[in-house]
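A short worksheet on the structure shown next.
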Amino acid sequence: MTSIAIVGAGPQLGLAIARTFGSHGFDVALISRNRDKLDTLVGKLAADGITAAAFPADVLDRNALTQALGDAAARFGGIDVLEYSPVGTFGTTALTSPTGTEPSHVEFEMNFQLYGAIAATQAVLPAMREAGAGTLLFTTGAGSIVPDPRVANVNAAAAALRNWAMNLHNELADAGTGVQAAHVGIDVSIGTAVIPGLPTAQPEQIAPVYWELHTTARDQAERVFSL
């Protein structure tokens, strides 16, 4: 059995990634805060013939996140792929310009993006290294590469995650571990327009990028999806 753990699983990109991997025989562990929403996704995947299970946890609670990944590994006999892409809620997540950014604005995003990713990686990487195989995929908006001053605090944390993920790729590759780590930068709004001027793509257009990084593009540290 092979399995993927999707941290930050949502009804758009998370579901599309789950369907992509599930269609290739992967079991799917879904991790996010809301149990009811996770159960809805599990039901949709079951209707597609994909085995999935919900493991509620908040990425800001690193102990809970570690426990959820441990429970997922126990349920599915290990985690072969980790995909990390928690999404904030527009309207409740503060979006600040560079001059309007307070340290607390970046601190929250660092906890949400970088520190959560590090905690999730620490939970699954030892077993991957022991097995000599595995994939770690980390998602941000493309503002991690080309900053957008409308979301400066989010960009700062996303850039930190991108830097760390690409360093992780190099370290694991240089050591010959057999474990792939890569960053996915998304230069579109997903599903519906969110940021004015940014083109929109459907999640089903984006999800194949993750499969390629796991299979045919394991030497690549980064892919950027744009239209």
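For clarity, every value in this text was computed on a predicted model and none was experimentally measured.
- No hydrogens or angles considered: nothing links the side chains of T2 and D80 as a donor-acceptor pair under 3.5 Å.
- Here the closest heavy-atom approach between residue H183 and residue T140 is recorded as NE2-OG1, 2.7 Å.
- Distance alone, capped at 3.5 Å, is enough to place a donor-acceptor pair between the T40 side chain and the D36 backbone.
- Looking at residues two or more places apart in sequence or on another chain, you find a ring-ring contact (aromatic ring centres under 6.0 Å, His included) between W211 and F21, H24, F26, H214.
- Atom OG1 in T51 sits 5.0 Å away from atom CG in D27 (nearest 0.5 Å).
- Here D39 contributes atom CG and N34 contributes atom CG; the two are 9.0 Å apart, rounded to the nearest 0.5 Å.
- With hydrogens and angles disregarded, no donor-acceptor distance shorter than 3.5 Å links the side chain of D58 to the backbone of R33.
- The distance from atom CD1 of I17 to atom CG of L137, rounded to the nearest 0.5 Å, is 8.0 Å.
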Worked verdict on Q113 versus V154 for side chain to side chain contact (heavy atoms under 4.5 Å, CB included):
CA-CA 9 Å; Q113 297 195 62; V154 175; 3.7 Å; yes
Could you check L30 against F55 for side chain to side chain contact (heavy atoms under 4.5 Å, CB included), going step by step and ending with a plain yes or no?
CA-CA 6 Å; L30 301 171; F55 302 89; over 6 Å; no
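- Counting heavy atoms from C-beta outward, T135 and L213 have side chains that stay 4.5 Å or more apart.
- L227 and V146 fall into different hydrophobic clusters, where Ile, Leu, Val, Met, Phe, Trp and Tyr side chains are chained together by heavy-atom contacts under 4.5 Å.
- The two residues I79 and L69 have their closest heavy-atom pair at CG1-O, 4.4 Å.
- Between T200 and I190, the closest side-chain pair of non-hydrogen atoms is not below 4.5 Å.
- Under the 4.5 Å side-chain criterion, counting only non-hydrogen atoms from C-beta, P149 is in contact with P98.
- By the rule that hydrophobic residues join a cluster once side-chain heavy atoms approach within less than 4.5 Å of another member, I145 and V106 end up as members of separate clusters.
- Summarising the geometry of R75 relative to A53, their closest heavy-atom pair is NE-CB, 4.4 Å, with the distance given to 0.1 Å.
- Of all non-hydrogen atoms in A120 and Y84, the two that sit nearest each other are CB-CD1, 4.2 Å.
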Determine, stepwise, if the pair N170 / L168 fulfils side chain to side chain contact (heavy atoms under 4.5 Å, CB included).
CA-CA 5 Å; N170 291 334; L168 180 62; over 6 Å; no
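- Note that NZ of K37 is 8.0 Å distant from OG of S32, once rounded to the nearest 0.5 Å.
- Formation of a donor-acceptor pair under 3.5 Å by the N111 side chain with backbone atoms of E107 is found in this model.
- Nearest heavy-atom pair, M128 versus G134, reported as atom, atom and distance to 0.1 Å: SD-CA, 3.8 Å.
- N167 and E171 form no side-chain donor-acceptor contact under 3.5 Å, judged by distance and modelled atom types alone.
- Side-chain contact check for I31 versus L65: some heavy-atom pair is nearer than 4.5 Å.
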Verify side chain to side chain contact (heavy atoms under 4.5 Å, CB included) between L114 and E109, making sure each step is shown before the conclusion.
CA-CA 8 Å; L114 177 62; E109 289 298 325; over 6 Å; no
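- Rounding to the nearest 0.5 Å gives a distance of 8.0 Å between CG of L136 and CD of Q180.
- Residues Y115 and V59 are not in side-chain contact: their nearest non-hydrogen atoms beyond the backbone lie 4.5 Å or more apart.
- In this structure, CZ in R162 is found 12.0 Å from CG in N155, a value given to the nearest 0.5 Å.
- In this structure, V42 and V28 have side chains that are not in contact, with every pair of non-hydrogen atoms separated by 4.5 Å or more.
- In terms of modelled atom types and a separation under 3.5 Å, the side chain of N153 and the main chain of T96 share a donor-acceptor contact.
- Counting heavy atoms from C-beta outward, W164 and I118 have side chains that approach closer than 4.5 Å.
- Side-chain atoms of E83 and T139 form a donor-acceptor pair, as typed in the model, at a separation below 3.5 Å.
- The residues D48 and K44 are annotated as not salt-bridged, no charged nitrogen and carboxylate oxygen being separated by less than 4.0 angstrom.
- In this structure a side-chain-to-backbone donor-acceptor pair under 3.5 Å is present from Q205 to Q202.
- Across R218, Q220, R223, a single residue satisfies side chain to side chain donor-acceptor pair (under 3.5 Å) together with E212, and that is R223.
- Contact between V224 and D187 at its shortest, heavy atoms only, is CG1-CB, 4.4 Å.
- Cluster annotation: L60 is connected to L161 through the hydrophobic network of ILVMFWY side chains, with a link wherever side-chain heavy atoms come within less than 4.5 Å.
- By the rule that hydrophobic residues join a cluster once side-chain heavy atoms approach within less than 4.5 Å of another member, M110 and M166 end up as members of separate clusters.
- Contact of the L38 side chain with the P56 side chain is registered, since non-hydrogen atoms from C-beta on lie closer than 4.5 Å.
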